[in-house]
Structures are given as C-alpha cells and as structure tokens.
Amino acid sequence: MSISRDVTAEPRTPAPIRTVRVLFAALTAAALVSIVLDGLESPTFSLANYFSYFTVISNVLTVLVLTIGGVIDPRSARWQLFRGAVTLYMVITGIIYAVLLANIDVGVADPWTNNVVHRIMPVVLLLDWILAPPRRQMSESRSLTWLLFPLIYGIYSLVRGPVVDWYPYPFLDPREQGYLTLTVGLVVLTVAFALMALAVNAVGRLAGRWRYGSDSTQRDSTTV
C-alpha cells in the first residue's frame, strides 16, 4: 500500500485533543523557561549542563511534538514513529524520576516546575498516545529504534562528564560507584528501556484497535 493512501486513511485528531496539546505544550515551555530563569540567579548555573539533562531534552521534544501535533496534526508514519519515541522518553523520565531520583537534587527546586517536567507531562504524553493512537501498527523492531537516542545520550554524558567534572545523574557518575557498577547498572537500564519501548508500542496498538477497530488498523511496513 502506498504512503499516500495510508496518510489519507489516517483520521484527523479530534479538535479538543489538539487544543489540549497546545495548552500542555505552553505549560511545558513555561516550566522549562522558569527553570532557566531561576537558575540564572545562581552563579553556579550552567546552561550547557541544563540542556544535558535527559529530562530537559525530553520535555523540549515534548513541546515540539505537542505544538506540531496540535497545530498541524501530521499523519505520516514517520511522524507517528517520532511521536512514539518522544512518548517513550517521557515515560522513561517519569519512571526513572519516581524510582531513582525523587529524593535527589536534579536541578529543579521549584515544586510546580518539578511536577510538570517529571510527573505531569509523562502522563500527558502517554494519555495522548492512547487517546490519539497511530492507525499503523509498528513492529517491535521498529519501536526498539527509539532506544538510539538514550544510547547516544548515555555516551555523550559519559564522555562529557570527565571533561567538565559533572554528571547529570548519579547512576551515570562513575566517580563514586566505579565503572564496573556503572556498567552493570547501565545494562539493567538498557533492558528496562527496551521493555518500556515494547510496552509503549503495545499500548499504542491496543489503543489503535480500540479506536479504529481490528480490521482498520494497518501493519507498519519498512517503508515510511
């Protein structure tokens, strides 16, 4: 089946959902800007470090996805693949924060901004994925390509850390735990992230069958 026929078959996202997307994009952007403004009051604040947090990058991508999804509402397979990736990154953000970072200083002192970027938006992105799922079913192997960004991020953090003597998260910092413990932890996280990717994809499939019906949901091909 050609791409043009697939895109035509993809239904428009309901206007209320698109409106809510724009509103939450504005909320996320406001939280990100507020964190920067608060940080600039501290002489130790580093904008480069700020944009080296996985949470910040994921929330920036969230603003992009929700704004474009709300205003333009693309329906291509590539866009849905990108949506799924950002949804995964926000799910990772929410779960890792809840499990590993809730009682640790992650550079967000204000409670409302902390709640927005770590708690509220991961739920919002997942709900958006469920309420407006892609019609095409993505293969498991395709959803695992979402892990490319976390992999690149991890390499970036480990290479940059010794240079600037700063690591964004304790589980990426080898100075206290050593490289053996760090490696074991990263292997565990990689497996967990892969399971999360498969779960996000599975949730999208189930939601697609619920919304469009089992006969109308198309299997994703290798061509996007």
Side-chain angles (χ1 to χ4, degrees), residues 21 24-33 35 49-70 74 76-102 104 106-108 113-134 138-158 160 167-172 185-205 207 220 224:
R21 283 175 175 172
F24 274 111
L27 175 66
T28 308
L32 292 172
V33 171
I35 295 171
N49 287 350
Y50 174 71
F51 282 106
S52 293
Y53 281 106
F54 186 87
T55 294
V56 171
I57 301 172
S58 298
N59 275 272
V60 169
L61 292 174
T62 292
V63 174
L64 180 66
V65 163
L66 292 181
T67 301
I68 295 177
S76 69
R78 287 183 178 178
W79 173 253
Q80 300 300 343
L81 187 66
F82 181 64
R83 271 189 69 210
V86 177
T87 300
L88 171 64
Y89 305 153
M90 289 303 292
V91 168
I92 289 174
T93 294
I95 292 178
I96 293 299
Y97 178 78
V99 175
L100 298 177
L101 303 173
I104 297 175
V106 289
V108 185
T113 55
N114 185 59
N115 285 329
V116 168
V117 301
H118 286 122
R119 295 188 175 100
I120 296 175
M121 294 314 301
V123 175
V124 169
L125 260 287
L126 186 58
L127 286 176
D128 182 69
W129 184 247
I130 293 171
L131 296 176
M138 280 178 265
S139 65
E140 288 81 3
S141 60
R142 178 154 299 202
S143 65
L144 290 177
T145 63
W146 295 339
L147 299 177
L148 181 60
F149 169 64
L151 174 63
I152 294 174
Y153 173 81
I155 294 173
Y156 161 78
S157 299
L158 292 174
R160 182 176 183 268
Y167 294 84
Y169 304 107
F171 55 81
L172 287 176
L186 291 180
V187 170
V188 172
L189 284 179
T190 300
V191 173
F193 291 172
L195 294 175
M196 290 181 206
L198 295 174
V200 168
N201 187 21
V203 167
R205 287 186 187 180
D220 186 23
V224 294

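Being a predicted model, the structure only gives us computed values, none of them experimental. Just the heavy atoms: all of them, side chains too, but no hydrogens, waters or symmetry mates, feed the values below.
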Donor-acceptor check, side chain of [X] to backbone of [Y], threshold 3.5 angstrom: yes or no?
| X | Y | result |
| --- | --- | --- |
| T145 | R142 | yes |
| R83 | D128 | yes |
| Y89 | W146 | yes |

On a heavy-atom basis, which atom in [X] and which in [Y] lie closest, and how many Å separate them?
| X | Y | value |
| --- | --- | --- |
| S143 | A197 | O-CB, 3.8 Å |
| A31 | V116 | CB-CG1, 3.8 Å |
| A29 | V63 | N-CG2, 3.8 Å |
| P74 | W79 | O-CD1, 3.3 Å |

Using 0.5 Å steps for rounding, measure from the [atom1] atom of [X] to the [atom2] atom of [Y].
| X | Y | atom1 | atom2 | answer |
| --- | --- | --- | --- | --- |
| L147 | M196 | CG | CE | 10.0 Å |
| M138 | L198 | CE | CG | 12.0 Å |
| F149 | S58 | CZ | OG | 5.5 Å |
| L131 | R21 | CG | CZ | 9.5 Å |
| I155 | L158 | CD1 | CG | 8.0 Å |
| M121 | L127 | CE | CG | 10.0 Å |

Inset, instruction - Kindly determine whether L186 and L172 satisfy side-chain contact (heavy atoms from CB on, under 4.5 Å), including the steps that lead there. - result: CA-CA 8 Å; L186 291 180; L172 287 176; 3.7 Å; yes
Heavy-atom distance under 4.5 Å between the side chains of [X] and [Y], does that happen here?
| X | Y | result |
| --- | --- | --- |
| L88 | N201 | no |
| N114 | R119 | yes |
| Y169 | T55 | yes |
| L101 | H118 | no |
| T62 | F24 | no |

Legend entry - Identified ring-ring contact (aromatic ring centres under 6.0 Å, His included) counterpart of Y153 within the set F51, F54, Y53: F54
Inset, instruction - Could you verify whether a donor N or O on one side chain and an acceptor N or O on the other, from S52 and Y156, lie under 3.5 Å apart? - result: yes
Inset, instruction - Could you point out which residue of V117, I35, L125, V86 forms a side-chain contact (heavy atoms from CB on, under 4.5 Å) with N59? - result: V117
